[in-house]
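Worksheet for the structure shown next.
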Amino acid sequence: MLWSVWKSTSVEATNKAIIKAGRTDTFPKSIGYTSLKYECVHGNDVRTGKGNKIRPKQSTIKLNCTAFLQIKCQRDGLVVSKLIETHNHERTKARFDAMSRNRGMPKETAEKAKLLMEGGVKPSVVRNILRDLGAGRVTQRDLANARAKWKREASGGATEEECFIKSLQEILDADEHAYIDVTKEDNGTLKYVFIQTSAMRKNVELYGRVILLDHSYKINKNRMPVCCMMVMDGAGSGRSAGYAFVINERATTVKEVVKCFREAITEPLAKKVKTFVIDKDPSEIAAIQAVFPDAQVQLCLFHTGKTLKEKSAKENAETLWIILSMLPQNQNTTH
């Protein structure tokens, strides 16, 4: 039978409480946990749902099984303090093998899936292709587990943080003039990562009188906004000037990133920057005015026009007409 963690207390949390109480008898970090409680995966009540009953009842493996295993830490190691082995369901090898955690794709199917996904095929399409090839039912979880396994194999068992540091080092090794700044909060939490290659700095040197700055939606795994800095070349195409993954879009954080950008492009180029084009973000405006006091802040025509239309449309037709007459005829132009 499979078990899942019900409750747990880490060594770090326990040691903090011990130190706060003025004691020194802390537990070794190698133990990991000072308390663990596992329950059968069929534990807890059957989920009834709290929706409006529009969707049909979803399946669940919860059967209110009362079996559990409790482990506690003593000074000489971890010990089992309580074990309830009574399950309210059958326990057979067939049932065990059929559970989602134990199901896996056959080797031949996994190789086909890997080839397709490496070619950029979407997981939903991969499942359909494998089914048409006679591979049987392949779930989204099967593909997610397989992809995680391939990722671990490719990284040689390294953690995500180690892979991230390795990627940054590879950038520096390939470009000795690249500028990378990794800054953390006082508690060790990542605050921002700023990256600018020598090619990006060259773009600023050629077209850096006007800088376009904006934050993208939280599109990465850690939900961190991406601060994008760009310039426009003579053909009207955007060119990268720098990127930063930030913990938030507060004025203090954006100010540090803009300051980092100024240091990366060096002072001679910074003095040539005359204008920043942004949307209506007050944090960006405050940061630019603090770090580039001599530069002008220009609001993006597309975002400004869109906001004015939305606000004025709620008033009356005359107000909307006045606002529209104030906008340039080519106001549909984006960045």
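Model, not experiment: these values are computed from the prediction. When reading the values below, keep in mind they use all heavy atoms of this one structure, side chains included, and skip hydrogens, waters and symmetry mates.
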* Asked: What residues form a salt bridge (charged side-chain N to carboxylate O under 4.0 Å, His left out) with D25, not counting sequence neighbours?
  -> R23, R75

* Can you tell if the side chain of F261 reaches within under 4.5 Å of the side chain of I211, non-hydrogen atoms only? -> yes

* **Nearest non-hydrogen partners of I18 and T24, listed with the distance** => CG2-N, 4.5 Å

* Asked: Within the distance-only criterion (no hydrogens, no angle test), does the side chain of S4 pair as donor or acceptor with the backbone N or O of V41 below 3.5 angstrom?
  -> no

* Sequence neighbours left out, what pairs pass salt bridge (Lys or Arg N to Asp or Glu O under 4.0 Å) with at least one residue falling in residues 185-208? => K191-E256, K202-E205

* Name all pairs fulfilling the salt bridge (Lys or Arg N to Asp or Glu O under 4.0 Å) condition that reach into residues 83-94, sequence neighbours left out, sorted by first residue then second. => E90-R95, K93-D97

* **Separation of N145 CG from D142 CG (nearest 0.5 Å)** => 6.5 Å

* For P282, enumerate each residue passing the side chain to side chain contact (heavy atoms under 4.5 Å, CB included) test, keeping only those at least two apart in sequence or located in another chain. => none

* Would you say the side chain of C260 lies within less than 4.5 Å of the side chain of Q196, judging by non-hydrogen atoms? -> no

* To do: Could you check if a side-chain atom of F27 sits within less than 4.5 angstrom of a side-chain atom of Q74, using non-hydrogen atoms only?
  => no

* Which pairs count as side-chain hydrogen bond (donor to acceptor under 3.5 Å, both in side chains) when at least one residue sits in residues 225-242, sequence neighbours excluded? -> D233-R239, S240-Y243

* Is the closest side-chain heavy-atom distance between I247 and Y192 below 4.5 Å? -> no

* **Side chain proximity check, E284 to D279, heavy atoms < 4.5 angstrom** => yes

* Asked: Checking side-chain contact (heavy atoms from CB on, under 4.5 Å) for the pair R131/R127: CA distance, chi angles, key distance, verdict?
  -> CA-CA 6 Å; R131 181 191 59 197; R127 294 200 301 271; over 6 Å; no

* Residues that R250 engages under salt bridge (charged side-chain N to carboxylate O under 4.0 Å, His left out), provided they are two or more places apart -> none

* To do: Check the hydrophobic clustering (I, L, V, M, F, W, Y; side-chain heavy atoms under 4.5 Å; chains of links allowed) and say if L83 and Y38 are grouped together.
  => yes

* Asked: Just checking, K82 and F68: is the charged tip under 6.0 Å from the six-membered ring centre and within 45° of the axis?
  -> no

* Asked: Going through the checks in order, is the side-chain contact (heavy atoms from CB on, under 4.5 Å) test met by V254 and V246?
  -> CA-CA 8 Å; V254 180; V246 296; over 6 Å; no

* **side-chain contact (heavy atoms from CB on, under 4.5 Å) assessment of C228 paired with H215** => CA-CA 6 Å; C228 305; H215 285 78; over 6 Å; no

* Scan residues 167-177 for pairs that pass salt bridge (Lys or Arg N to Asp or Glu O under 4.0 Å), counting only residues two or more places apart or in two chains. => none

* Asked: Is there a donor-acceptor contact under 3.5 Å linking the side chains of Y179 and E263?
  -> yes

* Structure fact -> Smallest heavy-atom separation, H87 atom then A67 atom, equals CE1-CB, 3.5 Å

* To do: Would you mind reporting whether K7 and Q70 have side-chain heavy atoms less than 4.5 Å apart?
  => no

* Near K37 NZ, under 6.0 Å, is it more than 12 heavy atoms from other residues, nucleotides or ligands? -> yes

* To do: Scan side-chain atoms only and decide if S8 and Y33 contain a donor-acceptor pair under the 3.5 Å cut-off.
  => no

* Asked: Which hydrophobic side chains are connected to I165, either touching it within the sub-4.5 Å cutoff or through other members that do?
  -> none

Indicate every side-chain donor-acceptor pair of residues 288-301 with a distance under 3.5 Å to a residue at least two apart or in another chain.
none

* pair L212-V231: side-chain heavy atoms closer than 4.5 Å -> no

Could you tabulate the donor-acceptor pairs under 3.5 Å formed by side-chain atoms of residues 109-118, not counting sequence neighbours?
none

* Asked: What heavy-atom pair brings S283 and A251 nearest, and what distance separates the two atoms?
  -> OG-N, 3.6 Å

* Structure fact -> For E153, the salt bridge (charged side-chain N to carboxylate O under 4.0 Å, His left out) test, sequence neighbours excluded, returns none

* To do: Test side-chain contact (heavy atoms from CB on, under 4.5 Å) on C227 and L213 and set out the steps.
  => CA-CA 7 Å; C227 179; L213 187 149; 4.2 Å; yes

* Asked: Which residues satisfy the side chain to side chain contact (heavy atoms under 4.5 Å, CB included) test with S35, sequence neighbours excluded?
  -> T9

* Asked: Between E267 and R262, is there a salt bridge with N-O shorter than 4.0 Å?
  -> yes

* To do: Would you name the heavy atoms of V273 and G208 that are closest together and state the gap between them?
  => CG2-O, 3.4 Å

* **Flag side-chain contact, heavy atom, 4.5 Å: V126 against L143** => yes

